[in-house]
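Just so it is clear, the model here is predicted, and its values are computed rather than measured. Letters A, B, ... mirror the listed sequences (proteins, then strands); counts begin at 1.
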Protein chains: 2
Amino acid sequence: MLVLVPTARERARVQTTEAILAAARIQLAEVGAAALSLRAVAREVGMVSSAVYRYFPSRDELLTALIIEAYDAVGEAAEAAHDEAAGRGPRERWVTVWRAVRAWARAHPAQYSLIYGSPVPGYAAPQDTLPAAGRVGLVLGGIAVEAHVAGSPDDAVVAAMAPDVAAALGIDPRLAPAAVTAWTMLFGTVGFELFGQYENVVLDRETYFDHVAGTAASSVGIP
Amino acid sequence: MLVLVPTARERARVQTTEAILAAARIQLAEVGAAALSLRAVAREVGMVSSAVYRYFPSRDELLTALIIEAYDAVGEAAEAAHDEAAGRGPRERWVTVWRAVRAWARAHPAQYSLIYGSPVPGYAAPQDTLPAAGRVGLVLGGIAVEAHVAGSPDDAVVAAMAPDVAAALGIDPRLAPAAVTAWTMLFGTVGFELFGQYENVVLDRETYFDHVAGTAASSVGIP
DNA sequence: CGTTGTCAAGAGCAGTGCTCTCGAAAGTGT
DNA sequence: ACACTTTCGAGAGCACTGCTCTTGACAACG
């Protein structure tokens, strides 16, 4: 049956689902993923905890929804930054996207921890999150595609990468190791800053971050 | 009062403390930090939960103790690997230490998540963990000290690093940015592998990891 | 030998995730 | 328009958590 006009029930359902997600988003930002309580979310939207289970079968499923949201949000931030720097050269676009990811992470530390910190409930989010997870990489790959391969990495290293990666990014497969390394470097640096590892190590985080971004740009052959 | 011979009470206290830590270590490895339950730890050592509070004032303090243990353990693994490769050249020693850290992380994923994942209980572990956190960096810095500075990084970047870092590592301050970047790369790569970000991205993790280790070695000027 | 400090145990509080049942709606078919 | 089915919210309840407080027993010290 084709649903052209959603019934009142369906509209109420998506509305309630959205209300739950909104409350969960707020609570995530306030107390973090570990302390996110389904009962508190229920209280916030004005219903009893058991009613929430009509919309999310478990607390982990709620968290998974938030994880996908977060991947989309950071991907969107990266894409927006890239669009804004559309006219400029590849290196400036590259650094702009890096800065946007860092800024998003600092503005949304709980969401960032959710997706790039330790998996919260054991190993909750499996396949559902994979498409959303690659968006930042896609933006960076879109810049790197114009670059030529700097050195020629070992064939064994090239073979160690999943071929889908170079294909999805539209880059030379020989660029894949450097691209993955740069991607790791971006989130490694942002994570280390956010999780306090740079305490008493890096004083001026902006300057250091820009330096790393530049190094990474060179490593993928961006002039 | 100088305690030369510990009294029976004192011996009993350290023994009980060690028993609690041992049980906590086991439970951490089994269920992870988020699900580590003080009551379950108490059950395992055969006492009631309230008694544990005589030894650790809160669950977070117990976790902090485990965090310090984990930092020490990974540092010890790095030092042991370095000692084992004592005779060899700097590059081989460098790669050996990197491999040891990765091996330790794969063998103790819960501990690794505890120290390099998102901070678990809000922002629990502050200053206590700082000394233990630097041990791996010290080992790597000890290798890099024999290297000469490859390029000459921007003065602003050099100034962005805490001067204590280069001093503690005994390296040229101009090497500090590259050293911090390499350190970030090590734990960023290990973390990404452990937390599942390389799923469907990197097929042969050993080969890729060795490649990253080699790149990092070159970046700090190791021939 | 008595005093003092330490310790384990138990009860209890407020909170959690999750399940089950029940009554009231809303939607559907005749 | 009426009966039937599905959906939904509420409430009670279970087993669990971190943590506090009180009570009674034991060891150490003067």
Side-chain angles (χ1 to χ4, degrees), chain A residues 1-21 23-24 27-28 30-66 119-125, chain B residues 1-21 23-24 26-28 30-67 119-125:
Chain A
M1 159 190 165
L2 279 177
V3 180
L4 298 177
V5 172
T7 73
R9 248 228 257 273
E10 284 168 330
R11 278 194 303 121
R13 182 157 240 283
V14 305
Q15 233 164 13
T16 310
T17 305
E18 186 47 52
I20 292 172
L21 277 174
Q27 225 211 331
L28 172 65
E30 280 176 354
V31 302
L36 189 146
S37 149
L38 199 143
R39 285 176 117 112
V41 170
R43 273 194 297 272
E44 194 120 355
V45 299
M47 55 188 192
V48 91
S49 73
S50 59
V52 178
Y53 284 86
R54 301 256 177 218
Y55 299 87
F56 294 93
S58 74
R59 197 194 88 120
D60 286 6
E61 293 275 348
L62 215 188
L63 274 181
T64 302
L66 292 177
V120 183
Y123 289 92
Chain B
M1 160 189 168
L2 281 177
V3 180
L4 298 177
V5 172
T7 73
R9 249 229 257 275
E10 284 168 329
R11 279 195 302 121
R13 181 159 242 284
V14 304
Q15 234 165 13
T16 310
T17 306
E18 186 48 51
I20 293 172
L21 276 174
I26 292 171
Q27 226 210 331
L28 172 64
E30 280 176 353
V31 304
L36 189 145
S37 151
L38 199 142
R39 286 177 117 112
V41 170
R43 272 194 298 272
E44 193 119 354
V45 299
M47 55 188 193
V48 89
S49 73
S50 58
V52 179
Y53 284 88
R54 299 248 175 223
Y55 298 87
F56 295 93
S58 72
R59 196 193 89 120
D60 286 6
E61 293 275 348
L62 216 187
L63 273 181
T64 302
L66 292 177
I67 288 173
V120 182
Y123 290 93

Look at B:R13 and C:dC7 and indicate whether a side-chain polar atom (N or O) is within less than 4.0 Å of OP1 or OP2. yes
Write down the atom of B:L28, the atom of B:L66, and the distance for their closest heavy-atom approach. CD2-CD1, 4.1 Å
All N/O donor-acceptor pairs, side-chain side in residues 30-39 of chain B, below 3.5 Å, sequence neighbours left out:
| residue | atom | partner | partner atom | Å |
| --- | --- | --- | --- | --- |
| B:S37 | OG | B:R39 | N | 3.2 |
| B:S37 | OG | B:A40 | N | 3.0 |

Quick one: is A:T16 getting a side-chain N or O under 4.0 Å of the D:dC8 phosphate, OP1 or OP2? no
Quick check on DNA chain C: between B:V48 and A:S58, whose nearest nucleotide comes earlier from the 5' end? B:V48
Could you list all the side-chain hydrogen bond (donor to acceptor under 3.5 Å, both in side chains) pairs where at least one residue sits in residues 12-21 of chain A, not counting sequence neighbours? A:E18-A:R25
Could you tell me whether B:L36 contacts a base, only the sugar-phosphate backbone, or nothing, with contacts defined as non-hydrogen atoms closer than 4.0 Å? sugar-phosphate
A:F56 CZ to C:dC18 P: how many Å, rounded? 13 Å
Please compare A:R39 and A:M47 by the position of their nearest nucleotide in DNA chain D and report the one closer to 5'. A:M47
Starting at CD of A:E10 and ending at P of C:dA25, how long is that distance when rounded to a whole Å? 21 Å
Looking at A:Y55, does any N or O in its side chain come under 4.0 Å of the phosphate oxygens OP1/OP2 on D:dG9? yes
From CZ of A:R59 across to P of C:dG15 the rounded distance in Å is 17 Å
Side-chain N or O of A:S37 closer than 4.0 Å to phosphate OP1/OP2 of C:dG17: yes
Least distance between heavy atoms, B:Y53 atom then B:S58 atom: CE2-CA, 4.1 Å
Give a yes/no on whether any side-chain N or O of A:S50 is located under 4.0 angstrom from OP1 or OP2 of D:dA10. no
Kindly say if B:R43 contacts the phosphate of D:dT17, meaning a side-chain N or O under 4.0 Å from OP1 or OP2. yes
Roughly how many Å is it from CZ in A:R11 to C1' in D:dC8, rounded to a whole number? 17 Å
side-chain contact (heavy atoms from CB on, under 4.5 Å), that's the test. Do A:Y55 and A:M47 meet it? Break it down for me. CA-CA 12 Å; A:Y55 299 87; A:M47 55 188 192; 4.2 Å; yes
How many Å lie between CD on B:Q27 and P on D:dT17, as a whole number? 8 Å
Whole-Å gap separating P (D:dA10) and CZ (A:R54): 11 Å
Atom-to-atom span, CG of A:L38 to P of C:dT19 - whole angstrom: 11 Å
Atom OH of B:Y53 and atom P of D:dC19 are separated, to the nearest Å, by 4 Å
